[in-house]
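These values consider heavy atoms only, across backbone and side chains, with no hydrogens, waters or symmetry-generated copies. The chain is numbered in sequence order, starting from 1.
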Amino acid sequence: MAGTMPAKASPRGSLDFDADAAATSPSPEAGSGGNGRRLARSLVIKGLCLVGGAFLLKHLTKTTTRRDHARIVAQSLSGEKFSTEQAARDPMTYFNLRLLTCPATVLADGARVLYFEQKAFWRTPERPYRQRFYMVKPCPKEMKCDVEVASYAVRDIEEYRNYCDRPKNQRPQPVEVVGDMAEHLTTVYLSKCERGRRCLYEGSTPPGGFPNSWNGASRCTSELTIFKTGEIHCWDRAYDDEGNQVWGVRQGPYEFKPGNSSTSGIMSETDFINSLQKDEKAVATLSSS
């Protein structure tokens, strides 16, 4: 611009910025104060960046403990789930079932106890035909798994019938639950699924299964897969002393999906039953099971 003096070169050949600063600053004291404030601001910003980065790094590298895994599994098992879609695809193999699971109590060691019941829509939708307690806790350190899910019989099934559907003040109280857990039935050992897969956890009973004497069986096995969508796959089977399967589905696991308006409504149940009535053989199979 006109009237502006050219910058004077320093002896080393660089521009003399001190001369420009002196020409535009009221005094040396004011200039040094501005520089000090800029330096302080820079240090504060750098400090905040370092602290924020440390917190982010800690969050990204935080290790999920086995207690965390047990909590996630208990939450994933809880709620209302249906096999309606699978039963509609293959009514000759799979029944339209409702699973309902809810928290019952937490033990002193942190183990979570869930109450579980299973209902068949076509027969007695108001009465469960299977009732269990599940104890969910971390696997022992010496085992190569993350969570164990143990099932127990219910001592008084009538007292717990429709437990999850009742108001909390009309249920057996948490302190009563431990005493109402009867004999141990099975334990499934779950491990976290590898990154990139659809599932969250999967596992099974030990290879030999657990003793079982119903319908001529000598042992039973269970497989369980928990998916990120809240869906769970269960496959229970039993075998006699000669290795023959005596109960349980042969083709593959039951697929239970979280309840919503398309799977749990009255209309969907009516449509499902109507579809079964088109095949008398299918109805007979359901009635005799």
*Compare every heavy atom of L114 with every heavy atom of A74, then report the nearest pair and how far apart it is.*
O-CD1, 3.9 Å

*Using the side chain to side chain donor-acceptor pair (under 3.5 Å) rule, pick out the option among R127, K119, Q131 that qualifies with N162.*
K119

_Within the structure provided, determine whether M181 and V113 are in side-chain contact (heavy-atom separation under 4.5 Å)._
yes

*Counting distance only, does the side-chain N/O of K168 pair as donor-acceptor with the main-chain N or O of Q173 below 3.5 Å?*
no

*Once the angle between the rings of Y152 and H184 is folded into 0 to 90°, is it parallel (under 30°), tilted (30 to 60°) or perpendicular (over 60°)?*
perpendicular

*Kindly say whether the aromatic ring centers of H69 and Y201 come within a distance under 6.0 Å.*
yes

*Any ion pair linking E85 and K257 (charged N to carboxylate O, less than 4.0 Å)?*
yes

_Shortest non-hydrogen contact between G208 and R219, atoms and distance_ = O-CD, 3.4 Å

_N96 vs T84, test: side-chain hydrogen bond (donor to acceptor under 3.5 Å, both in side chains). Steps then yes/no._
CA-CA 5 Å; N96 188 17; T84 306; 2.8 Å; yes

*asked:* Donor-acceptor pair, distance only, cut-off 3.5 Å: does the side chain of R71 make one with the backbone of R66?
replied: no

_Let me confirm one number: the CZ-CD1 distance from R67 to I72, rounded to the nearest 0.5 Å._
13.5 Å

*Any salt bridge between R197 and E194, counting N to O under 4.0 Å?*
no

*asked:* Testing the basics here: between N215 and V246, what is the closest heavy-atom pair and its distance to 0.1 Å?
replied: ND2-O, 3.2 Å

_Point-to-point distance, once rounded to the nearest 0.5 Å, from CD of E231 to NZ of K81_ = 9.0 Å

_Donor-acceptor check, side chain of E176 to backbone of G179, threshold 3.5 angstrom: yes or no?_
no

*So, for T229 and P258, which heavy atoms are closest and what is the spacing to 0.1 Å?*
O-CG, 3.8 Å

*Keeping the roles fixed (side chain from R171, backbone from C164), state whether a donor-acceptor pair exists under 3.5 Å.*
yes

*Under 4.5 Å between any side-chain heavy atoms of V154 and Y115, yes or no?*
yes

*D146 versus S191, side-chain donor and acceptor atoms under 3.5 Å*: no

*Can you tell me how far SG of C234 sits from CG of L77, rounded to the nearest 0.5 angstrom?*
8.0 Å

*Flag the pair T187 / F210 as yes when at least one side-chain heavy-atom distance between them is below 4.5 Å, and no otherwise.*
yes

_So, taking the atom named OG1 in T225 and the one named CH2 in W235, what distance separates them when rounded to the nearest 0.5 Å?_
10.5 Å

*Can you list the residues that meet the ring pair (Phe, Tyr, Trp, His ring centres under 6.0 Å) rule with Y239, with sequence neighbours excluded?*
none

*asked:* Apply side chain to side chain contact (heavy atoms under 4.5 Å, CB included) to residues R89 and E255 and explain how you reach the verdict.
replied: CA-CA 11 Å; R89 293 195 309 266; E255 301 172 1; 3.0 Å; yes

*Does one side chain, of Q118 or Y129, offer a donor that lies under 3.5 Å from an acceptor on the other?*
yes

*Please lay out, stage by stage, how E183 and R155 fare under the test salt bridge (charged side-chain N to carboxylate O under 4.0 Å, His left out).*
CA-CA 8 Å; E183 69 271 20; R155 195 173 303 281; over 6 Å; no

Listed pairs under 3.5 Å, donor-acceptor, residues 132-144 side chains, sequence neighbours left out:
none

*Give a yes-or-no answer on whether the side chains of D236 and S222 include a donor-acceptor pair shorter than 3.5 Å.*
yes

*Test V249 against Y94 for side chain to side chain contact (heavy atoms under 4.5 Å, CB included), laying out the working first.*
CA-CA 8 Å; V249 181; Y94 299 97; 3.7 Å; yes

*asked:* Do Y163 and L99 sit in one hydrophobic cluster, given that two such residues count as connected whenever their side-chain heavy atoms are within less than 4.5 Å of each other, even indirectly?
replied: no

*Using a 4.5 Å cut-off on heavy atoms from C-beta on, say whether the side chain of D68 contacts that of T63.*
no

*Please answer: with hydrophobic residues joined when any side-chain heavy atoms are less than 4.5 Å apart, are V149 and L107 in the same cluster?*
no

_Could you check whether any side-chain heavy atom of Y160 comes within less than 4.5 Å of a side-chain heavy atom of V177, counting everything from C-beta outward?_
yes

*Could you walk me through whether S78 and T101 pass side-chain hydrogen bond (donor to acceptor under 3.5 Å, both in side chains), step by step?*
CA-CA 5 Å; S78 297; T101 309; over 6 Å; no

*Donor-acceptor under 3.5 Å (S83 side chain, Q86 main chain)*: no

*To the nearest 0.5 Å, what is the distance between CD (Q170) and CG (D165)?*
11.5 Å

*Any chance you could measure I232, atom CD1, to E202, atom CD, to the nearest 0.5 Å?*
14.5 Å

*asked:* When you compare the side chain of Y189 with that of P206, does any pair of heavy atoms fall below 4.5 Å?
replied: yes

_One pair to check against salt bridge (charged side-chain N to carboxylate O under 4.0 Å, His left out): R237 and E223. What are the steps and the verdict?_
CA-CA 9 Å; R237 290 167 288 178; E223 297 179 19; 2.8 Å; yes

*Can you name the nearest heavy-atom pair linking P91 to A88, along with the distance?*
CD-O, 3.8 Å

*asked:* Taking the side chain as everything from C-beta on, heavy atoms only, tell me whether E80 gets closer than 4.5 Å to R98.
replied: yes

*For C220 and W247, what are the C-alpha separation, side-chain angles and deciding distance, and is it a side chain to side chain contact (heavy atoms under 4.5 Å, CB included)?*
CA-CA 9 Å; C220 65; W247 58 258; 4.2 Å; yes

_side chain to side chain contact (heavy atoms under 4.5 Å, CB included) between V178 and D180, worked out_ = CA-CA 5 Å; V178 177; D180 292 333; over 6 Å; no

*Check for a donor-acceptor pair, side chain of D240 on one end and backbone N or O of N244 on the other, with a separation under 3.5 Å.*
yes

_Any heavy-atom pair between the side chains of I226 and L190 that's under 4.5 Å?_
yes

*Take atom CD in E158; do more than 12 heavy atoms of anything else shown fall under 6.0 Å from it?*
yes

*Considering all heavy atoms, the nearest T93-Y254 contact*: O-OH, 4.1 Å

